[in-house]
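Working notes, structure below.
Naming convention: chains lettered A, B, ... in sequence-line order (proteins, then strands); numbering from 1 in each chain.
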Amino acid sequence: MPSATSKQSTLPASWLLSPRKEQRTCPSPGRQQTSLKSTAALSTVSPPSAVKSVRKGPKKDAKAPTPHKKHTPLIPIDPSKKNYNKRITDVLSELSKTEKNIGNQWKAQAYSKAILSISAYPKPLVSGKEAQDLPGVGGSIAKLVQEIIETGTSERVQNEAKDERLQTISMLMRVSGIGPSAAAKFYDELGVRSISDLLHRPLTRHQKIGMKYFNEFEKRIPRAEMDRWQAIIKDVLEDIDDRFVVTIAGSYRRGQDTCGDIDVLLTHPEFTTSSSSDETPNSNHSVLLQLVISRLHEKGYLTDDISLGDVKYMGVCKLPDVPNTEAHIHRRIDIRLSPIDMYWPAVFHSTGSDQFNRWIRSLAAEQGYTLSEYSLRTKDKKSGAVGTPLRISSEEDIFRLLGVEWRAPEQRDW
DNA sequence: CGGACATCGCATCCAG
DNA sequence: CTGGATGCGG
DNA sequence: GTCCG
């Protein structure tokens with residue numbers, strides 16, 4: 001019943017170990033081309049994750065014949081930005097958090113946006129009215145800003161700080177698997193008032209795991225440990241089939257010193273987009289991820305499975321303990337398997353940061369494209385009709401097609 | 001005034 | 001049992 | 001909550 005547990009370790013996948021198995025013969029009608037030619041690019045895999053390239057100056061890059069009208073300038077984001085309005089943004093952060101806890105994701109997001117522009121403001125705000133000129137700051141937040149300037153805080157925030165229910169819900173949501181809905185239900189209907197109360201309540205598999213590792217999941221992962229995981233995962237996968245392509249994305253790829261979890265992206269040249277709506281039950285990939293997961297289990301790296309499907313795994317891992325040393329901490333790990341023709345958009349997306357993604361997506365839209373985790377396509381602004389995905393065989397392709405100068409992952413760490 | 005604010009895989013719940 | 005809706009996470 | 005059509 002727990003389908004998310006390592007099962008058959010005797011998976012056929014005969015083609016896996018026979019490189020020249022069969023050339024997929026896809027009529028490729030409507031969807032995407034699946035030229036395996038891109039395999040060439042695979043040799044250049046190893047992402048510059050650990051590289052410390054601090055390139056800065058504009059790189060010489062012949063502008064390809066781009067059909068773009070204007071070259072949108074890069075938004076200058078100075079890393080040494082000082083927040084002259086921390087008092088204000090701190091209070092707004094509280095409001096954002098509260099809205100999120102209540103389930104008002106849009107309000108929470110709206111506050112976040114206002115916080116970003118206020119944080120970037122180059123001098124102390126002196127009035128709410130002044131703040132309202134900033135993007136994302138409307139009448140409501142301007143009023144709050146005014147109040148914060150005058151009183152140093154917000155009455156609403158003060159009240160929420162005393163709100164027993166809100167505080168408890170906020171606490172419960174720190175358990176992985178408990179969101180706004182479940183937290184409210186636990187509090188309102190099941191009388192839960194503390195984390196330990198949850199032990200005697202019905203929990204989903206995910207929530208049980210969240211409880212089990214409540215403390216460990218909140219600890220950051222040092223970069224050195226991330227390096228070890230990268231080596232381990234590449235090793236295990238190469239052992240299965242050396243054509244696997246592996247990228248540890250997320251903040252690790254952006255060069256951060258610590259990470260919240262381990263985000264693994266995977267592809268394999270045999271796994272292409274099913275070229276048609278006609279089933280094409282080339283079950284090739286259906287067992288691929290499961291094979292990977294069972295292998296990681298066999299090696300003892302995985303300790304719990306939260307979910308496992310054909311293309312996405314979410315679970316828990318831990319480095320092997322060495323005697324007479326402190327035990328290692330359990331970490332959240334996600335592993336996703338992408339068709340090779342969607343791999344680089346996926347890597348690009350997962351590398352982030354979120355803010356960088358939003359910026360590049362809006363840039364794409366301005367130029368008549370739509371960029372997603374899966375593809376870069378042309379998109380007619382009026383009809384909204386989208387074209388077929390452009391062929392992307394590297395991250396550079398995405399930058400080039402959008403007419404944007406290449407940025408190493410470290411430079412996307414907004 | 002009212003909709004968008006990204007989208008989707010997986011687990012679980014719910015209705016038929 | 002099955003198909004669809006919902007919650008959650010990233 | 002803010003923006004936008």
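- Taking the ring centre of A:W406 as origin, the terminal cationic atom of A:R412 falls inside the region bounded by 6.0 Å and 45° from the ring axis.
- Remark: C1' of C:dG10 and CD1 of A:I178 are 18 Å apart, rounded to the nearest angstrom.
- As rounded to whole Å, 12 Å separates atom C1' of C:dG7 from atom CE of A:M314.
- Taking 4.0 Å as the cutoff to heavy atoms of chain A, we find the contact window on DNA chain D bounded by D:dG1 to D:dC3.
- Rounded to an integer number of Å, the gap from CG of A:L308 to P of B:dA11 is 7 Å.
- Look at CG on A:N104: it is 13 Å from P on C:dG7, rounded to the nearest Å.
- Here the nucleotide nearest the side chain of A:S307, chosen from B:dC10, B:dT12, B:dA6, is B:dC10.
- Across all strands shown, B:dA6 has no partner, as no Watson-Crick or G-U wobble contact with both distances under 3.5 Å is found.
- One can place CZ of A:R205 at 17 Å from C1' of C:dG7, the figure rounded to the nearest angstrom.
- Straight-line distance from the CD1 atom of A:I306 to the C1' atom of C:dG9: 9 Å, rounded to whole Å.
- Using a cut-off of 4.0 Å between Lys/Arg side-chain N and Asp/Glu carboxylate O, A:E238 and A:K234 are scored as not salt-bridged.
- Cation-pi geometry between A:K107 and A:Y111 is not satisfied (NZ or CZ under 6.0 Å from the ring centre, within 45° of the ring normal).
- The closest side-chain heavy-atom distance from A:H268 to A:D241 is below 4.5 Å.
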Step by step, would you call A:Q109 with A:Q105 a side chain to side chain donor-acceptor pair (under 3.5 Å)? CA-CA 6 Å; A:Q109 182 178 298; A:Q105 58 164 315; over 6 Å; no
Verdict with reasoning, A:K318 to A:R331, per side chain to side chain contact (heavy atoms under 4.5 Å, CB included): CA-CA 6 Å; A:K318 185 179 71 66; A:R331 309 296 192 183; over 6 Å; no
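- A heavy atom lying under 4.0 Å from DNA chain D marks none of the residues of residues 179-199 of chain A.
- Scanning all heavy atoms of the two residues, the minimum distance from A:D310 to A:L289 falls at O-CB, 3.5 Å.
- B:dT7 and C:dG7 have their C1' atoms separated by 15 Å, given to the nearest Å.
- Checked by atom type and distance alone, the side chain of A:D197 pairs as donor or acceptor with a backbone atom of A:S194 at under 3.5 Å.
- The side chain of A:Y374 lies closest to B:dG9 when the candidates are B:dA6, B:dG9, B:dT12.
- Going from atom CZ of A:F348 over to atom P of B:dT7 covers 17 Å, rounded to whole Å.
- With rounding to whole Å, A:R361 atom CZ is found 11 Å from B:dC5 atom P.
- Nucleic acid contact class of A:D334 (heavy atoms, under 4.0 Å, all strands): sugar-phosphate only.
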Begin with the C-alpha distance, continue with both residues' side-chain angles, and end with the deciding distance and a verdict on salt bridge (Lys or Arg N to Asp or Glu O under 4.0 Å) for A:D163 and A:R165. CA-CA 6 Å; A:D163 191 316; A:R165 181 172 178 277; over 6 Å; no
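- Between A:R332 and C:dG10 there is a side-chain N or O to OP1 or OP2 distance below 4.0 Å.
- Cation-pi check for A:R193 over A:Y187 is met; the charged atom lies under 6.0 angstrom from the ring centroid and within 45 degrees of its normal.
- For the P atom pair drawn from D:dC3 and B:dA6, the interatomic distance equals 16 Å after rounding to whole Å.
- Among the atoms of the strands shown, none is found under 4.0 Å from any heavy atom of A:N357.
- Among the protein residues, A:G250 comes within range of no part of the nucleic acid, since none of its heavy atoms lies under 4.0 Å from any strand.
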